[in-house]
Protein chains: 2
Amino acid sequence: MAKKEKPFDRELFFRALADPTRLRIINLISDQEVCVCFFVEILKTNQPKVSRHLAYLRRAGIVAARREGIWVHYRISTPNDENAARVLKVVREWLAQDADMQQDRTRLHRICCAPELPVQLQGSPRPTRIGMAV
Amino acid sequence: MAKKEKPFDRELFFRALADPTRLRIINLISDQEVCVCFFVEILKTNQPKVSRHLAYLRRAGIVAARREGIWVHYRISTPNDENAARVLKVVREWLAQDADMQQDRTRLHRICCAPELPVQLQGSPRPTRIGMAV
DNA sequence: TAAATACATGCGCCCAAGCGAATGTGTAGG
DNA sequence: CCTACACATTCGCTTGGGCGCATGTATTTA
């Protein structure tokens, strides 16, 4: 009844990072818990696409999901593998410095901190900062 | 006449890391200059395959080549992008700890340090340690 | 239980990437 | 030159991944 841990899949991990949409998602999450609907809005794409990329990141151990009623919140997950965690940390710092990525975060910040959410997001739970165990 | 530097391609960089053969090559190079023929021998594969993966790593700015007569030596190249360089550093440390990767390095070490090279490698220049600027 | 909402997944299409086999390129030696 | 050698590249094939679209699932509310 021990050892649920599957051996960490390094290939899957790197492939997960080898896609611009997934990197944008990782960047958008930052140190928050973000509802799926916000990704759809910021990335200006359709919901299935976002959902599939989130599933990919989940399988790779990069993000974790938490359901709250009808909504699902995503946050960064520290990979099981210590070295993968180190890589992810550096990658996130890299993204944080990128101009386009900063724009994405700015747009998310503008939307979720505005007094009124846009029509598509009425009633959606806004992103919330979470404690980063690092 | 300035700025030959193309803007660093982050996607290409990550895709380069998302392949087991290319990771094995990165690991084998370690802090040496290694002749192509040794990759063919250690990876137990054909020469075109190795050559294509090496070309991929070159385009991604991860390795550099140096011709010496009929032989071509490959070494790790520090990526133009500072953050990419940080990622690569962590990735290489990761590989260095991996059991399978250690086996590869051991086999390379055994072959190139033996008094007699195997038949396929007769006359090939052995890998040589190079100064790592880090 | 039925409808609405938010998200996940299955399906088919297309394109990129990896592969083996053949061919091309550059270099040393006769 | 011509050959031999090491390596690079091209070609055709096959596979995997991302995409849009349609459908499935889970949860809340009426």
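Note on naming: letters A, B, ... go to the chains in the order of the sequence lines (proteins, then strands), and numbering restarts at 1 for each one.
Straight-line distance from the CH2 atom of Trp71(B) to the P atom of dG29(C): 9 Å, rounded to whole Å. For Glu11(B) and dG18(D), the CD to P distance is 11 Å, given to the nearest whole Å. Regarding His53(A), its NE2 atom lies at a distance of 16 Å from the C1' atom of dC7(C), rounded to whole Å. For the pair Arg66(A) CZ and dT27(D) C1', the interatomic distance rounds to 15 Å; values are reported in whole Å. In this structure, Asn46(A) places its CG atom 14 Å from C1' of dT23(D), rounding to the nearest Å. Rounded to whole angstrom, the span from the NE2 atom of His73(A) across to the C1' atom of dC7(C) amounts to 12 Å. Atom pair Glu68(B):CD and dG26(C):P shows a separation of 19 Å (rounding to whole Å applied). Summarising the geometry, the separation between CZ on Arg22(A) and C1' on dC19(D) is reported as 13 Å, rounded to the nearest angstrom.
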**Prompt:** Do Asp104(A) and Arg107(A) pass the side chain to side chain contact (heavy atoms under 4.5 Å, CB included) test, and can you show the C-alpha distance, the side-chain angles, and the key distance before you say yes or no?
**Reply:** CA-CA 5 Å; Asp104(A) 273 358; Arg107(A) 290 174 55 218; 3.8 Å; yes
**Request:** Check step by step if side chain to side chain contact (heavy atoms under 4.5 Å, CB included) holds for Arg105(B) and Asn27(B).
**Result:** CA-CA 7 Å; Arg105(B) 289 202 310 280; Asn27(B) 169 69; 2.6 Å; yes
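If you take OG1 on Thr21(B) and CG on Leu57(B), they are separated by 10.0 Å, rounding to the nearest 0.5 Å.
Distances shorter than 4.0 Å separate none of the side-chain N or O atoms of Arg15(A) from OP1 or OP2 on dG16(D).
Ion pair Arg10(B)/Asp98(A) flagged as a salt bridge, since at least one NZ, NE, NH1 or NH2 atom sits closer than 4.0 Å to an Asp/Glu carboxylate oxygen.
Picking from dG18(C), dG26(C), dG20(C) the nucleotide with the shortest atom distance to the side chain of Ile70(B) gives dG26(C).
In this view, Glu93(A) and Lys89(A), Arg86(B) satisfy the salt bridge (Lys or Arg N to Asp or Glu O under 4.0 Å) rule, not counting sequence neighbours.
Close placement of the Trp94(B) and Phe14(A) rings is indicated, their centers lying within 6.0 Å of each other.
Phe39(B) comes within contact range of no nucleotide atom at all, as no heavy-atom separation falls under 4.0 Å.
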**Request:** Would you mind building the protein contact string for nucleotides 8-14 of chain C? One character per nucleotide, 5' to 3', B for base within reach (heavy atoms under 4.0 Å), S for sugar-phosphate only, - for untouched.
**Result:** BBB----
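For the residue pair Tyr74(B) and Arg66(B), no side-chain donor N or O sits within less than 3.5 Å of a side-chain acceptor on the partner.
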